[in-house]
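As C-alpha cells, the structure follows; a few thoughts come after it.
Note: hydrogens, waters and symmetry copies are ignored here, and every other heavy atom, side chains too, is used.
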Amino acid sequence: MYMNLMLYKAISKQYNDNEILTYVNRMIPQNVLSQFKSDNYQVDQSFRVILQWFKNDFMKWMPKNLQCNICNAQMNLQLLPGNSWKVRATEIYECIKCGSKFVFPRYGEIRKIAATRIGRCSEWSMLFGAILNSLSFPTRIVHDYLDHCWNETHIGSTWIHIDSTLDYPISFNHPHYYEQNWSKEYEHVIAFTSNSIEDVTRFYTERWDTEVLIKRMKNKTDRKISMLSKEYLRL
C-alpha cells in the first residue's frame, strides 16, 4: 500500500513538471495535434482523435502471458521486485524452448514509459495522463484497488472518466463500463492529485446504495480511506 502511495504521489508530481509535459507533448504527431485543437467545440471528438492515436499507433500492450517471437513457445516469467517507484518491478521472460529473453521493467518515470512505449494499464494511464496535462487538460490518475487504473480529466466543471486502454467511445466518459462488463465489485476507487486523494467510488458503480455502501460500512472503508489520505499528505 505504501509503495502505491509513493508511486501515485510521484506520478502526480510529474503531471506538474513542465519539462516532462513538454517532452511528452513533442511526441504527439502534428496532424493529431491539429485535429485535437480543431475540435475545441466538440470535446468528445477531440478526445477521440488523441485516444485513437495513443491506443492504435503509439502504445503497445504488454501481455501477461508472453510467447517467444522466435519459436512461438511459451515463455517463463521471473519477477524481480523493485525497490522504488522509479522501477516498481522487472519482469524477465525466458523462452523454454530456445532460451531467448525479454525484459520488461515496470517504470514509474513518465519519460521512460514514453521512450519504451509499452506497458499495461498502469503505464498507459501514467503516460496518457501526462499527455493530456501537456494539452492543458488537468488530468489525474485513478486506481480501483482491484486490478485496473485509468484517468480522469477535468472538463468544464466535472471530472470525466478516460481510459486509454479501451476502444473509443467506451474510453471516454463510460464510468460504469467496468461494473457492467468486467463484473467489478467495488469497495473503493481512489483518484490522486499531487496534494490530495479523493474517494470517487460512487461515480463508478450503479449499486452504491444497494450494495457498495453496505459493504463499506461493514468494512469501515471510510476510516481506511481517511487514514490513507493522511498518509498520502505526509509523503
Side-chain angles (χ1 to χ4, degrees), residues 1-28 32 36 47 50-64 79 81-91 103-155 159-168 171-172 175 178 189-198 200 204 228 232 235:
M1 180 68 75
Y2 182 77
M3 287 301 295
N4 270 338
L5 294 183
M6 286 287 293
L7 173 65
Y8 292 132
K9 187 80 167 185
I11 294 300
S12 299
K13 287 182 177 179
Q14 290 177 85
Y15 284 175
N16 295 322
D17 187 316
N18 287 330
E19 289 188 7
I20 292 175
L21 299 186
T22 299
Y23 178 83
V24 299
N25 187 269
R26 288 173 178 167
M27 306 187 88
I28 307 172
V32 173
F36 182 84
F47 279 86
I50 203 79
L51 281 160
Q52 289 181 336
W53 160 74
F54 188 80
K55 178 175 173 58
N56 300 327
D57 302 324
F58 187 78
M59 281 296 279
K60 180 180 178 181
W61 185 261
M62 179 64 194
K64 291 184 178 180
L79 181 63
N83 56 11
S84 78
W85 63 266
K86 293 184 177 181
V87 182
R88 299 172 288 144
T90 301
E91 298 177 7
V103 179
F104 173 46
R106 307 298 306 274
Y107 292 122
E109 292 182 281
I110 289 171
R111 283 177 180 262
K112 290 189 175 180
I113 298 172
T116 58
R117 297 168 58 171
I118 187 171
R120 301 194 185 103
C121 63
S122 55
E123 287 84 8
W124 283 51
S125 56
M126 290 172 195
L127 177 54
F128 196 68
I131 287 173
L132 292 183
N133 275 293
S134 82
L135 294 167
S136 300
F137 279 90
T139 300
R140 60 189 182 182
I141 194 163
V142 181
H143 190 190
D144 68 4
Y145 281 88
L146 295 173
D147 61 357
H148 196 49
C149 57
W150 56 88
N151 296 110
E152 286 183 345
T153 297
H154 201 259
I155 301 173
W159 287 101
I160 300 294
H161 158 261
I162 293 181
D163 189 336
S164 59
T165 71
L166 301 176
D167 289 318
Y168 186 87
S171 55
F172 184 83
Y178 313 113
V189 180
I190 306 295
F192 295 85
T193 62
S194 60
N195 56 12
S196 67
I197 68 173
E198 183 180 350
V200 295
Y204 290 92
L228 197 71
Y232 192 72
L235 294 177

Not counting sequence neighbours, which residues clear side chain to side chain contact (heavy atoms under 4.5 Å, CB included) with Thr116? List them please. Tyr107, Ile118

State which residues pass ring-ring contact (aromatic ring centres under 6.0 Å, His included) with Tyr232; sequence neighbours excluded, sorted by chain then number. Phe192

So, Lys112 and Glu123, do they make that salt bridge, N to O below 4.0 Å? no

Partners of Ser196 by side chain to side chain donor-acceptor pair (under 3.5 Å), sequence neighbours excluded? Thr193

Which residues share a side chain to side chain contact (heavy atoms under 4.5 Å, CB included) with Asn4, sequence neighbours left out: Tyr8, His143, Tyr145

Partner residues of Ala115 under the side chain to side chain contact (heavy atoms under 4.5 Å, CB included) criterion, sequence neighbours left out: Tyr23

Can you name the side chain to side chain contact (heavy atoms under 4.5 Å, CB included) partners of Asn56, sequence neighbours left out? Gln52

Mind checking side chain to side chain donor-acceptor pair (under 3.5 Å) for Ser134 and listing every partner two or more places apart, or none if nothing turns up? Asn25

Apply side chain to side chain donor-acceptor pair (under 3.5 Å) to Asn151 and list each qualifying residue two or more places apart in sequence or on a separate chain. none

Quick one: which residue pairs count as a side-chain hydrogen bond (donor to acceptor under 3.5 Å, both in side chains) with a foot in residues 12-21, not counting sequence neighbours? Asn16-Ser194

Using ring-ring contact (aromatic ring centres under 6.0 Å, His included) as the criterion, list what pairs up with Tyr168, not counting sequence neighbours. none

Can you name the closest pair of heavy atoms from Ser171 and Leu166 and give their distance? CB-O, 3.3 Å

Please tell me if the side chains of Leu51 and Phe172 come closer than 4.5 Å, counting only heavy atoms from C-beta onward. yes

Rounded to the nearest 0.5 Å, what separation is found between the CH2 atom of Trp150 and the CZ atom of Phe128? 15.5 Å

I need the full list of salt bridge (charged side-chain N to carboxylate O under 4.0 Å, His left out) pairs touching residues 128-142, with sequence neighbours left out, sorted by first then second residue. Arg140-Glu152, Arg140-Glu198

Please tell me whether His148 and Tyr178 form a close aromatic pair, meaning their ring centres lie under 6.0 Å apart. yes

With sequence neighbours excluded, tell me which residues meet ring-ring contact (aromatic ring centres under 6.0 Å, His included) with Trp53. Phe58

